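Here is the naming used below: chain letters follow the sequence lines, and residue numbers restart at 1 for every chain. Keep in mind it's a predicted model, so treat the numbers as computed, not measured.
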2 protein chains.
Amino acid sequence: MPTPISHETSHEAMTRSGIRLTPQRRHVYESLMATPDHPTALEVFMRAKKGMPSISLATVYNCLDALTEGGVIRQVNCERASSRYCPNLVPHGHFFCKECGAVFDIPLKPSLEASWEVPSGTLVSHAELNLRGTCGSCTQRFKTSKL
Amino acid sequence: MPTPISHETSHEAMTRSGIRLTPQRRHVYESLMATPDHPTALEVFMRAKKGMPSISLATVYNCLDALTEGGVIRQVNCERASSRYCPNLVPHGHFFCKECGAVFDIPLKPSLEASWEVPSGTLVSHAELNLRGTCGSCTQRFKTSKL
DNA sequence: ATTTTGTTTTAGAATAATTCTTGATCTCAA
DNA sequence: TTGAGATCAAGAATTATTCTAAAACAAAAT
Ligand SMILES: [Mn+2]
Ligand SMILES: [Mn+2]
Ligand SMILES: [Zn+2]
Ligand SMILES: [Zn+2]
């Protein structure tokens, strides 16, 4: 059962970011917060329509862009697939299951920052770590079906 | 000046991978090897046309896919931009300059593998590290223009 | 409170990268 | 050499996303 989101929280998150608070942006943000997966814009749209039937896909794209721009959410990309969106602002990586398409947050250890070397003078503003493979339940399922 | 590519080398790389060797695939591969940047499919196409004027963009896409599938080259993605292609098979990350669009290979230290934690049972088959920021020469240029 | 100004929403059109389709051509194992 | 299957090429199609323009809205100014 997802943690209920207080309007205070989403209002705060959005005003903190400097973007104008609109009912659509708030609703898109809360649609995203309501589930811990990493939905695509289309999935957010389908969920958002439930509580706001008049919202359009273009608006969902606009809102997701504005929220991303304002740093309230993150856009997550894997290969060439549709962008996905993540409301978790704690720095983290992503794991993509090749079998079932699930996307998980991956906690990162501080040693990550020390594990690459850029040429001197380079300024790194953003680091992104993506893992691909087979998730625990898919691995389990394969083991079972091979018995 | 780029290291000259022997036909032996590209032939070997491709037959080793199990994909069928064709003149187009060899030519696309060598077009990619000829420069150390990370060209898009369209850029590869424009370069490949010089030595093989009859090649089509669809074929370049097909060849890049086949080579990627065969593990002879790597596809590199940054955000939603066009895919880029990299003939460097040594595991490495990528740095993308926000200012000039340059893409650099980033050597990785062994400590990288230890800097994330996946749930038990998860099998990670591929890790990808992307950095974004300002490259050395762009940083330098900005410093100079601010004097 | 009303007007002004700039922003956001919406629907649909447009775009751009990539993939698909199909007939012709090529490769390679037999 | 030959036939089956793979690949090529040109253009059409797809798909995710962005753009356009008019209407609705929100905040600021009068
Ligand atoms: Mn996430
Ligand atoms: Mn590279
Ligand atoms: Zn899975
Ligand atoms: Zn640069």
Counting side-chain heavy atoms from C-beta on, which of [options] comes nearest to [X]?
X       : options                : result
B:Ser56 : C:dT18, D:dA10, C:dT10 : D:dA10
A:Asp65 : C:dT18, C:dT8, D:dT18  : D:dT18
A:Arg20 : D:dA26, D:dT17, C:dT9  : D:dA26

Given atom [atom1] of [X] and atom [atom2] of [N], what is their separation to the nearest angstrom?
X       : N      : atom1 : atom2 : result
B:Gln75 : C:dA17 : CD    : P     : 14 Å
A:Arg25 : D:dC25 : CZ    : C1'   : 12 Å
A:Phe45 : C:dA11 : CZ    : P     : 8 Å
A:Glu79 : D:dA16 : CD    : C1'   : 16 Å
A:Glu69 : C:dT8  : CD    : P     : 12 Å
A:Lys49 : C:dT10 : NZ    : P     : 12 Å
A:Leu57 : D:dT15 : CG    : P     : 14 Å
A:Ile19 : C:dT8  : CD1   : C1'   : 12 Å

Looking across every strand, which nucleic acid part, if any, lies under 4.0 Å from [X] by heavy atom: base, sugar-phosphate, or nothing?
X       : value
A:Ser54 : sugar-phosphate
B:Ser83 : sugar-phosphate
A:Ser82 : sugar-phosphate
A:Ile55 : sugar-phosphate

Report the C-alpha separation of A:Arg80 and B:Asp65 in whole Å, then their side-chain angles, then the decisive distance to 0.1 Å, and conclude whether the salt bridge (charged side-chain N to carboxylate O under 4.0 Å, His left out) test is met.
-> CA-CA 13 Å; A:Arg80 305 255 83 225; B:Asp65 276 2; over 6 Å; no
Backbone of B:Cys135 reached by a side-chain donor or acceptor of B:Thr139 within 3.5 Å |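 Present.
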Indicate yes or no for a side-chain donor-acceptor contact from A:His27 to the backbone of A:Arg25 under 3.5 Å, with no hydrogens or angles considered.
-> no
Do the side-chain N or O atoms of B:Thr22 get closer than 4.0 angstrom to the phosphate oxygens (OP1, OP2) of D:dC8?
->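 Indeed, a polar side-chain atom of B:Thr22 lies that close.
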Should A:Arg80 be listed as having a side-chain N or O under 4.0 Å from OP1 or OP2 of C:dT18?
->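 Yes, within the criterion.
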Between B:Tyr61 and A:Asn62, which is nearer to the 5' end of DNA chain C once each is assigned its nearest nucleotide?
->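 With A:Asn62 and B:Tyr61 compared, the 5'-side residue is A:Asn62.
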Residue met sooner reading DNA chain C from 5', once B:Ala81 and B:Gln24 are mapped to nucleotides | B:Ala81
Evaluate the salt bridge (charged side-chain N to carboxylate O under 4.0 Å, His left out) criterion for residues B:Asp105 and B:Arg84: first the C-alpha distance (whole Å), next the side-chain angles of each, then the deciding distance (0.1 Å), finally the verdict.
-> CA-CA 12 Å; B:Asp105 285 349; B:Arg84 295 175 171 277; over 6 Å; no
Show your reasoning for whether salt bridge (charged side-chain N to carboxylate O under 4.0 Å, His left out) applies to A:Arg141 and A:Glu99.
-> CA-CA 11 Å; A:Arg141 178 157 37 81; A:Glu99 301 303 329; over 6 Å; no
On DNA chain D, check which nucleotide each of A:Leu42 and A:Ala58 is closest to and give me the residue with the more 5' one.
-> A:Leu42
